[in-house]
Amino acid sequence: MSITVFVKTISEDHEMEVSGKETVGKLYTKAACATSMQVTRFNLIWEGKILDRNGDETVQGSGFMEGSVICLEERNETVTLWELRHIPERVAELHRLLSADPDIALNIDAGLMNSETTLALKTSDLPCGLRRLIVTDTTGCITTIGDDFLFGCDFLTSISIVIPNLTTVGTCFLFSCDNLRTVDLEHTSLPPQKIQELLPLISNWRITLGRS
């Protein structure tokens, strides 16, 4: 018996036909083919649980039905800003990870271990060679990005800013980031007027405003 399941990514759903006798691990391989991603870069989530990529449980035994929706959650390396600035061993570990996989996404939780409401992030804070950056705030305390945010960062190609209470960005926001192509500001509270002010710069840089 075959059933159709949907793998839901951030931007779209991918339809896959699977056999009830296939292992759940096979879903990872099929999802990788459908989304053009490497298997090691994501987890599949169903009903709030991460599916075991190495398990031998069958699709049928897992309770999947026709039309079931599985969420694809990209794996990334999470670090605090404090760790980047004060723990050399952690930075060295990140350099090793980036050497092995240059496309790995680094998630900086800027709110943890930080009592400031304004985020100041410099290019020198990042591991050199990092291409994909996610800046988050799980505490909800950050409301402002300060001046010269990642000024002159010429190695980043994409950045997602997931700061729900962000309402203000300073001058020279992502200025002279010559290789940056994708900026995601969707998960912020920036007012439409501010977004409009950024659009000319984004147009000049050939950057897409939206999900990375």
Side-chain angles (χ1 to χ4, degrees), residues 1-80 90 93-109 111-112 126-127 129-138 140 155-164 179-188 206-212:
M1 183 188 84
S2 294
I3 61 173
T4 299
V5 299
F6 296 89
V7 175
K8 186 177 184 65
T9 66
I10 286 178
S11 58
E12 58 187 335
D13 294 349
H14 296 271
E15 183 177 323
M16 300 189 307
E17 188 172 293
V18 298
S19 166
K21 294 183 179 179
E22 289 179 334
T23 64
V24 170
K26 186 70 173 177
L27 290 179
Y28 275 90
T29 302
K30 289 197 170 186
C33 292
T35 59
S36 300
M37 292 180 64
Q38 292 186 15
V39 173
T40 55
R41 290 194 187 143
F42 64 86
N43 287 321
L44 291 177
I45 314 292
W46 189 57
E47 295 188 341
K49 296 180 181 179
I50 297 177
L51 297 175
D52 184 359
R53 71 181 63 237
N54 299 313
D56 56 5
E57 190 173 28
T58 66
V59 169
Q60 193 172 28
S62 298
F64 290 110
M65 299 179 292
E66 180 74 21
S68 291
V69 177
I70 310 164
C71 293
L72 183 149
E73 183 180 82
E74 190 167 358
R75 302 171 73 191
N76 53 61
E77 191 68 19
T78 300
V79 67
T80 66
R90 185 71 173 108
E93 179 186 3
L94 292 173
H95 278 295
R96 287 193 294 272
L97 289 171
L98 287 168
S99 296
D101 184 0
D103 286 325
I104 191 171
L106 179 64
N107 178 9
I108 299 178
D109 191 330
L112 286 178
L126 302 182
L130 177 68
R131 297 177 185 173
R132 302 173 61 231
L133 176 64
I134 306 167
V135 182
T136 59
D137 172 27
T138 57
F155 47 80
L156 278 183
T157 60
S158 82
I159 181 170
S160 297
I161 298 178
V162 186
I163 303 180
N179 291 307
L180 194 56
R181 291 294 177 267
T182 304
V183 176
D184 177 359
L185 299 174
E186 184 170 354
H187 302 289
T188 70
R206 293 176 293 164
I207 294 175
T208 301
L209 182 65
R211 291 175 173 178
S212 63

Closest heavy-atom contact between [X] and [Y]?
{"X": "G111", "Y": "D137", "value": "CA-OD1, 3.2 Å"}
{"X": "T188", "Y": "I161", "value": "CG2-O, 3.4 Å"}
{"X": "M16", "Y": "A31", "value": "SD-N, 3.6 Å"}
{"X": "W46", "Y": "V69", "value": "CD1-O, 3.3 Å"}
{"X": "L106", "Y": "V79", "value": "CD1-CG1, 3.7 Å"}
{"X": "L156", "Y": "L133", "value": "CD2-CB, 3.8 Å"}

Among all residues two or more places apart in sequence or in another chain, which pass the salt bridge (Lys or Arg N to Asp or Glu O under 4.0 Å) test with [X]?
{"X": "E22", "value": "K30"}
{"X": "K26", "value": "none"}
{"X": "E57", "value": "none"}

Check: [Y] and [X] side chains under 4.5 Å, non-hydrogen atoms:
{"X": "V162", "Y": "I134", "value": "yes"}
{"X": "S158", "Y": "R181", "value": "no"}
{"X": "L98", "Y": "I104", "value": "yes"}
{"X": "I45", "Y": "I70", "value": "no"}

Residues in side-chain hydrogen bond (donor to acceptor under 3.5 Å, both in side chains) with [X], at least two apart?
{"X": "T157", "answer": "none"}
{"X": "N43", "answer": "R53"}
{"X": "T136", "answer": "N107"}
{"X": "T80", "answer": "E83"}

Working to the nearest 0.5 angstrom, can you tell me the gap between [X] [atom1] and [Y] [atom2]?
{"X": "C33", "Y": "H14", "atom1": "SG", "atom2": "NE2", "answer": "12.0 Å"}
{"X": "D184", "Y": "I159", "atom1": "CG", "atom2": "CD1", "answer": "9.5 Å"}
{"X": "N179", "Y": "R131", "atom1": "CG", "atom2": "CZ", "answer": "10.0 Å"}
{"X": "H187", "Y": "I163", "atom1": "NE2", "atom2": "CD1", "answer": "12.5 Å"}
{"X": "L126", "Y": "F155", "atom1": "CG", "atom2": "CZ", "answer": "5.0 Å"}

Salt-bridge test for E77 and R90: reply yes if a basic N is under 4.0 Å from a carboxylate O, no otherwise.
->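 Answer for the salt bridge query: yes.
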
Lys/Arg-Asp/Glu bridge criterion (N-O < 4.0 Å) met for R96, E93 =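 Salt bridge flag = no for E93 with R96.
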
Non-neighbouring partners of Y28 that pass ring-ring contact (aromatic ring centres under 6.0 Å, His included), sequence neighbours left out |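 Counting only residues at least two positions away or on another chain, Y28 forms a ring-ring contact (aromatic ring centres under 6.0 Å, His included) with F42.
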
Does H95 offer a backbone N or O that forms a donor-acceptor pair with the side chain of S99 under 3.5 Å?
->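 It does hold such a pair.
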
Does the pair F64 and V18 meet the rule for a side chain to side chain contact (heavy atoms under 4.5 Å, CB included), with working shown?
-> CA-CA 10 Å; F64 290 110; V18 298; over 6 Å; no

